[in-house]
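These notes are about the structure you will find just below.
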Amino acid sequence: MSVAMVIGLANPKAANTVQRVLENYQARLRAGIRRTRRRLAGFEERYAISTDRFLAEMTAEDLEGGDLEYVEWAGEAKLLEGLQAELEELANARFQLQ
């Protein structure tokens with residue numbers, strides 16, 4: 001499904017500003033993805049297990065840090081999923097100036 005969105009701007013030059021804002025937001029999303037991947041890699045190295053396997057097979061009792069560490073690792077995985085989905089949506093957006 002596709003959605004069209006129209007933004008009315010009083011000043012035509014503002015279109016460049018809107019475009020730059022979207023590009024900057026995409027850059028921040030990419031930085032967030034890199035940061036989250038580094039955090040996940042830390043957990044994966046510590047426990048010698050992939051995040052996918054961790055989510056499928058492990059419980060808080062399996063981790064030295066218990067509940068807190070489990071929530072942190074699972075939360076980082078969920079955050080990565082959301083960041084990637086949002087970046088993909090923006091990457092697929094098309095802009096048309098009239």
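The residues of the chain are indexed from 1 along the displayed sequence. What you see is a predicted model, and the numbers here were worked out from it, not measured in a lab.
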Exercise for the section: Decide yes or no for Arg39 and Arg35: does some side-chain heavy atom of the first lie under 4.5 Å from some side-chain heavy atom of the second? Expected result: yes
Handout entry: Gap separating the CG atom of Asp52 from the CD atom of Glu44, nearest 0.5 angstrom
Key = 8.0 Å
Completion exercise
One should read off an interatomic distance between Thr51 OG1 and Arg53 CZ, to the nearest 0.5 angstrom, of 12.0 Å
Problem - Closest contact, heavy atoms only, Ala10 versus Pro12 - result: O-CD, 3.8 Å
Practice task
Might you confirm whether atom CD of Glu57 has over 12 heavy atoms from other residues, nucleotides or ligands at distances under 6.0 Å?
Solution key: yes
Practice task
Work out which heavy atom in Glu69 is nearest to a heavy atom in Phe43; give both atom names and the distance.
Solution key: CG-CE2, 3.5 Å
Handout entry: Aromatic ring pairing Tyr70/Phe54, orientation class (parallel under 30°, perpendicular over 60°, tilted between)
Key = tilted
Fill in the blank from the handout: On a heavy-atom basis, the closest approach of Leu40 and Ala77 is CD2-N, 3.7 Å
Fill in the blank from the handout: Between the CG atom in Leu87 and the CD1 atom in Ile33, the distance rounded to the nearest 0.5 Å is 4.5 Å
Exercise for the section: Identify whether Val21 and Leu90 are in the same connected component of the hydrophobic contact network (ILVMFWY, side-chain heavy atoms under 4.5 Å). Expected result: no
Exercise for the section: Might you point out which heavy atoms bring Leu9 and Ala14 nearest each other, and give the distance in Å? Expected result: CD1-C, 3.8 Å
Handout entry: Linked, directly or transitively: Tyr47 and Val71 (ILVMFWY side chains, under 4.5 Å)
Key = no
Exercise for the section: Look up atom CD in Gln19 and atom CG in Asn24, then write down how far apart they are to the nearest 0.5 Å. Expected result: 10.5 Å
Problem - Asp67, CG atom: more than 12 neighbouring heavy atoms under 6.0 Å - result: no
Handout entry: From CD (Glu81) to NZ (Lys78), nearest 0.5 Å
Key = 4.5 Å
Handout entry: Side-chain donor/acceptor of Glu86 to backbone N/O of Leu29, under 3.5 Å
Key = no
Practice task
Before accepting this row, confirm whether a basic side-chain N of the pair Glu23/Arg20 lies closer than 4.0 Å to the acidic partner's carboxylate O.
Solution key: no
Handout entry: Shortest non-hydrogen contact from Leu63 toward Met58
Key = CD2-CE, 3.6 Å
